[in-house]
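To start, the structure under review is shown below, and the notes come after it.
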Amino acid sequence: MSGAGYALIDQCAILVFGCSALGQAVAEQLTSRGYPTYLFSNDMDEVSDLLAKGFDAAHLDYMDDERLRAVGIGKRVKTIFCLFSEESKNVFLTLSARALEPELKIVCVSESSVSSRKLIAAGASKVIDPYEISGRKVHELITRPMIVDMLEQTVFGKYIDIAQIEIPENSCLTGESLFTQELKNHKVILLGVVDIELSEELIFSTSGIKHKLDAGDMLVVIGPEKEIARLKEDIQHDRKEELLGR
């Protein structure tokens, strides 16, 4: 697609900026669902590779407002995806696109809650956190007996395990914020916590909810079996230095 082809972009089209594997996967999904989709990059070699793969792609300087207008932002296009690997590029493009079109739907991907806040402040309509989505997928999987059995026979139990660890009475973890608690001294991933008193739903550590841990809460963690066992022992013996680093 050349510069002259920009005029062919209609209001049903979706523009994808950032042509990494994620950008290409998004474009493939959108195209398969019938949306005309165009990828843009400021790297000519990348554009050549995209064209060779069959994508509708073109070179474009995302820092040039006139070029953004030329592809329909502020005119015809209603939705764009900002999928650069660099947070700064996504923030810059979001700011520029939002200034050109107040009603534009801007979808971004973030790597942290801090990044999400920056993108929302810049004008993003929707910010997707792939880590939170992965966590939710894991939770959905482990609630299905057949899937659990399959995982236990393959990955879980051999390489990594998943466990619920109850916080005992008078634990040093009581009152700590789930949002900030990272268990830095243990090689495990804190997926979230189940507050039995409230419900059996998992509160994800990536959700941004500042849940205060309490006795009876169940920490849900993923990691090597030995590391989980060590964490359980540290919690049972209330080893403050190991758990909180202080």
Side-chain angles (χ1 to χ4, degrees), residues 1-113 115-138 140-141 206:
M1 179 177 62
S2 65
Y6 292 163
L8 299 176
I9 298 176
D10 60 31
Q11 63 181 6
C12 295
I14 296 176
L15 311 186
V16 177
F17 294 85
C19 303
S20 61
L22 175 60
Q24 293 177 44
V26 168
E28 288 176 347
Q29 285 291 324
L30 293 170
T31 301
S32 69
R33 298 182 185 189
Y35 295 99
T37 305
Y38 302 88
L39 289 124
F40 294 100
S41 172
N42 54 1
D43 185 325
M44 290 297 297
D45 290 336
E46 193 170 54
V47 171
S48 296
D49 289 340
L50 292 169
L51 292 171
K53 292 178 181 179
F55 290 103
D56 283 320
H59 177 268
L60 186 141
D61 181 359
Y62 71 93
M63 301 180 74
D64 187 333
D65 284 358
E66 290 306 313
R67 294 291 184 182
L68 295 179
R69 287 191 183 95
V71 296
I73 296 178
K75 299 177 182 178
R76 305 175 301 278
V77 171
K78 302 300 181 185
T79 305
I80 69 169
F81 280 76
C82 302
L83 303 178
F84 291 113
S85 301
E86 301 88 346
E87 176 191 280
S88 59
K89 290 184 178 181
N90 289 323
V91 171
F92 187 95
L93 177 57
T94 299
L95 285 167
S96 299
R98 177 58 68 219
L100 292 174
E101 174 51 76
E103 301 301 320
L104 182 69
K105 184 174 183 181
I106 304 173
V107 183
C108 303
V109 168
S110 74
E111 295 185 354
S112 67
S113 58
S115 177
S116 296
R117 290 195 291 272
K118 288 181 182 178
L119 289 164
I120 290 172
S125 309
K126 174 69 175 177
V127 178
I128 299 169
D129 183 341
Y131 299 99
E132 180 173 359
I133 291 173
S134 297
R136 292 186 184 278
K137 288 296 183 183
V138 170
E140 289 173 7
L141 286 174
T206 55

**OP:** Enumerate the residue pairs fulfilling side chain to side chain donor-acceptor pair (under 3.5 Å) with a member in residues 81-97, sequence neighbours excluded, ordered by first and then second residue.
**Re:** Glu87-Ser115, Glu87-Lys118
Original post:
Which distance, rounded to the nearest 0.5 Å, do you find between the SG of Cys108 and the NZ of Lys126?
Top reply: 11.5 Å
Subject >> Residues that Ser125 engages under side chain to side chain contact (heavy atoms under 4.5 Å, CB included), provided they are two or more places apart >> reply: Arg98, Lys105, Ile106
**OP:** Nearest 0.5 Å please: distance from the NZ atom of Lys78 over to the CG atom of Leu15.
**Re:** 12.0 Å
Subject >> Test item: Leu60 and Leu68 side chains (from C-beta on) under 4.5 Å apart, heavy atoms >> reply: yes
Original post:
Do Tyr38 and Val71 have side chains that get closer than 4.5 Å, going by heavy atoms?
Top reply: no
Original post:
Taking only residues two or more places apart in sequence, or in another chain, which ones meet Glu103 in a salt bridge (charged side-chain N to carboxylate O under 4.0 Å, His left out)?
Top reply: none
Original post:
Going by the angle between their ring planes, with limits at 30° and 60°, are Phe84 and Tyr62 parallel, tilted or perpendicular?
Top reply: tilted
Subject >> side chain to side chain contact (heavy atoms under 4.5 Å, CB included) partners for Asp49, two or more places apart >> reply: none
Subject >> Pairing residues for Thr37 by the side chain to side chain donor-acceptor pair (under 3.5 Å) criterion, not counting sequence neighbours >> reply: none
Taking only distance into account, with no hydrogens and no angle test, what donor-acceptor pairs under 3.5 Å do side-chain atoms of residues 16-31 form with protein atoms, sequence neighbours excluded?
from  : atom 1 : to    : atom 2 : distance (Å)
Ser20 : OG     : Leu22 : N      : 3.4
Gln24 : OE1    : Lys53 : NZ     : 3.1
Gln24 : NE2    : Cys19 : O      : 3.1
Thr31 : OG1    : Ala27 : O      : 2.8

**OP:** Search all heavy atoms of Leu93 against all heavy atoms of Cys82 and return the closest pair with its distance.
**Re:** CD2-SG, 3.6 Å
**OP:** Indicate the atoms forming the closest heavy-atom contact of Val127 with Ser116, along with that distance.
**Re:** CG1-OG, 3.5 Å
Subject >> Heavy-atom side-chain contact between Val91 and Leu119 under 4.5 Å >> reply: yes
**OP:** Quick one: closest heavy-atom pair of Ile80 and Val77, and the distance?
**Re:** CG2-CG1, 4.0 Å
Subject >> Spacing of Leu83 atom CG and Leu39 atom CG [to the nearest 0.5 Å] >> reply: 9.0 Å
**OP:** Please round to the nearest 0.5 Å and tell me the distance separating atom NE2 of His59 and atom CZ of Arg67.
**Re:** 8.5 Å
Original post:
What distance do Lys75 atom NZ and Leu104 atom CG have between them, rounded to the nearest 0.5 Å?
Top reply: 14.0 Å
